[in-house]
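Being a predicted model, the structure only gives us computed values, none of them experimental. Each chain gets a letter, A, B and so on, in the order the sequences are listed, and its residues count up from 1.
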Number of protein chains: 2
Amino acid sequence: MRDHVEITRMTRQRRVIIEELRHLDTHPTADELYGLVKRRVPHVSLGTIYRNLDALAEAGVIRKLEMSGMQKRFDGNLEEHHHVRCISCGRVADVRVETDRDMDYPIMDASGYRITGQTVEFSGLCPECQKEDRPTN
Amino acid sequence: MRDHVEITRMTRQRRVIIEELRHLDTHPTADELYGLVKRRVPHVSLGTIYRNLDALAEAGVIRKLEMSGMQKRFDGNLEEHHHVRCISCGRVADVRVETDRDMDYPIMDASGYRITGQTVEFSGLCPECQKEDRPTN
DNA sequence: CTCAGTGCAAACGCTTTGCACAACT
DNA sequence: AGTTGTGCAAAGCGTTTGCACTGAG
């Protein structure tokens, strides 16, 4: 589970992508990141963003968040943590839960699956959307 | 949170979709269901499948599973339960966990989100893929 | 010098939608 | 009869990919 692929060359594009991601806690989507990287490397292409995000995620340098039924988001923070998604605007934030309790899920379920991992995804209303106080939308 | 939209007309397509879904525990994707429904309603279209699945999910008759980075799957079982996804073949099964513990997550997180829900998604190897014993794939 | 990485644009896979017609109620 | 639902095909959207070129090592 820790058999990461190596990153061989460090291109300008790649470095900038990593830097932008490290300086953000907003879990940007590929195209949001594209916008940011483009400011510093104007000729960059969206394909390059995607290719690098995949490579970096496989190398374990960043994390790919594949959340329910949404565009993928990327996280420069490698520490173990969960996420909340705003049900109104889609924004994603980190959740720090005191979770030793996360480990006491069954290793083998009745269904015969050998369970190897679990993700907890919270949903709720972000501070901004609470203000606008549209009850659910 | 229980403000379901009403289903007004019961067409043949709609009835067959519900029936197929109720008789399955395999959480089919829209196109798998399309294949099944087509056997009984040969002229059905994929667009109709999608439109009905959305309508039925909104009406609370079925559940839409929006799992991490995959095609959506649909579940005729409305009881509260979690799912395991096979990391090898993508198959999805139900998990019954004794979860009163699910409720004791924080209502309000430090990030300022008002947390209203949570989903736990397990990953693992299904029985079939354990046999083929490709360690991860 | 070499080959991994890039830009560009086209293709892809899943899902949604516009339109004219069909069929529940 | 009236209007919701349908089939079909086209469009949409995020993501991936083929190709010739570029640049890191």
Side-chain angles (χ1 to χ4, degrees), chain A residues 4-21 27-59 61-75 85 90-92, chain B residues 4-21 27-59 61-75 85 89-90 92:
Chain A
H4 289 147
V5 176
E6 287 287 314
I7 288 294
T8 54
R9 298 184 189 182
M10 187 51 66
T11 60
R12 187 155 155 53
Q13 296 71 339
R14 186 164 286 169
R15 184 167 3 85
V16 172
I17 288 170
I18 297 171
E19 286 172 10
E20 290 295 333
L21 217 39
H27 315 80
T29 59
D31 56 290
E32 284 166 357
L33 206 43
Y34 175 52
L36 293 168
V37 173
K38 206 169 191 163
R39 290 194 203 157
R40 300 174 54 188
V41 191
H43 54 84
V44 74
S45 79
L46 188 52
T48 294
I49 303 287
Y50 274 109
R51 274 185 291 231
N52 273 303
L53 289 171
D54 280 353
L56 293 170
E58 246 191 295
V61 178
I62 64 168
R63 281 230 274 169
K64 192 189 285 200
L65 308 183
E66 310 199 320
M67 301 190 78
S68 319
M70 321 174 55
Q71 216 176 133
K72 293 184 182 64
R73 290 174 176 273
F74 298 85
D75 193 341
R85 177 180 84 244
R91 202 186 315 251
V92 172
Chain B
H4 289 147
V5 176
E6 287 287 314
I7 289 292
T8 54
R9 297 184 190 182
M10 187 52 66
T11 60
R12 187 155 153 55
Q13 296 75 336
R14 186 164 286 170
R15 182 168 5 84
V16 172
I17 289 170
I18 297 171
E19 286 173 11
E20 290 295 334
L21 217 39
H27 314 83
T29 59
D31 56 290
E32 285 166 358
L33 206 43
Y34 175 52
L36 293 169
V37 174
K38 208 168 189 163
R39 290 195 203 155
R40 301 173 53 189
V41 192
H43 54 84
V44 74
S45 79
L46 188 52
T48 293
I49 302 289
Y50 274 109
R51 273 185 292 231
N52 274 304
L53 288 172
D54 280 351
L56 293 170
E58 246 191 295
V61 178
I62 64 168
R63 280 231 273 170
K64 191 189 284 198
L65 307 183
E66 310 199 322
M67 301 191 77
S68 318
M70 324 173 53
Q71 215 175 137
K72 294 183 181 63
R73 289 174 176 273
F74 298 85
D75 193 342
R85 175 179 86 243
C89 69
V92 171

Please state how far atom [atom1] in [X] lies from atom [atom2] in [N], giving the value in whole angstrom units.
X	N	atom1	atom2	value
A/L46	C/dG5	CG	P	18 Å
A/N52	D/dA24	CG	P	13 Å
A/E32	D/dG14	CD	C1'	13 Å
B/Q71	D/dG14	CD	C1'	14 Å
B/I7	D/dT4	CD1	P	13 Å
A/I49	D/dT15	CD1	C1'	13 Å
B/R14	D/dG7	CZ	C1'	15 Å
B/R15	D/dG5	CZ	P	14 Å

(message) Please classify the nucleic acid contact of B/D31 as base, sugar-phosphate, or nothing, using heavy-atom distances under 4.0 Å.
(response) nothing
N/O to N/O distances under 3.5 Å, protein versus nucleotides 18-25 of chain C:
residue, atom, partner, partner atom, Å
C/dG18, O6, B/R51, NH1, 3.1
C/dC24, O2, B/R9, NH1, 3.3
C/dT25, OP1, B/M10, N, 3.0

To the nearest 0.5 angstrom, please state how far the [atom1] atom of [X] sits from the [atom2] atom of [Y].
X	Y	atom1	atom2	value
A/E32	A/Q71	CD	CD	7.0 Å
A/I49	A/L56	CD1	CG	10.0 Å
B/F74	B/I18	CZ	CD1	13.5 Å
A/L46	A/K38	CG	NZ	8.5 Å
B/M67	B/H27	CE	NE2	8.5 Å

(request) Only one of A/V41, A/I62, A/L53, A/V44 passes side-chain contact (heavy atoms from CB on, under 4.5 Å) with A/I17; say which it is. (result) A/L53
(request) Could you please name the option among D/dG7, D/dG14, C/dC14 that lies closest to any side-chain atom of B/T48? (result) D/dG7
(message) Please identify which of these residues, B/K64, B/R14, B/K72, meets the salt bridge (Lys or Arg N to Asp or Glu O under 4.0 Å) condition with B/D54.
(response) B/K64
(message) Taking only side-chain N and O atoms of A/Y50, does any of them lie within less than 4.0 angstrom of OP1 or OP2 on D/dT15?
(response) yes
(request) Could you pick out which residue, B/S45 or A/M70, lies toward the 5' side of DNA chain D when each is mapped onto its nearest nucleotide? (result) B/S45
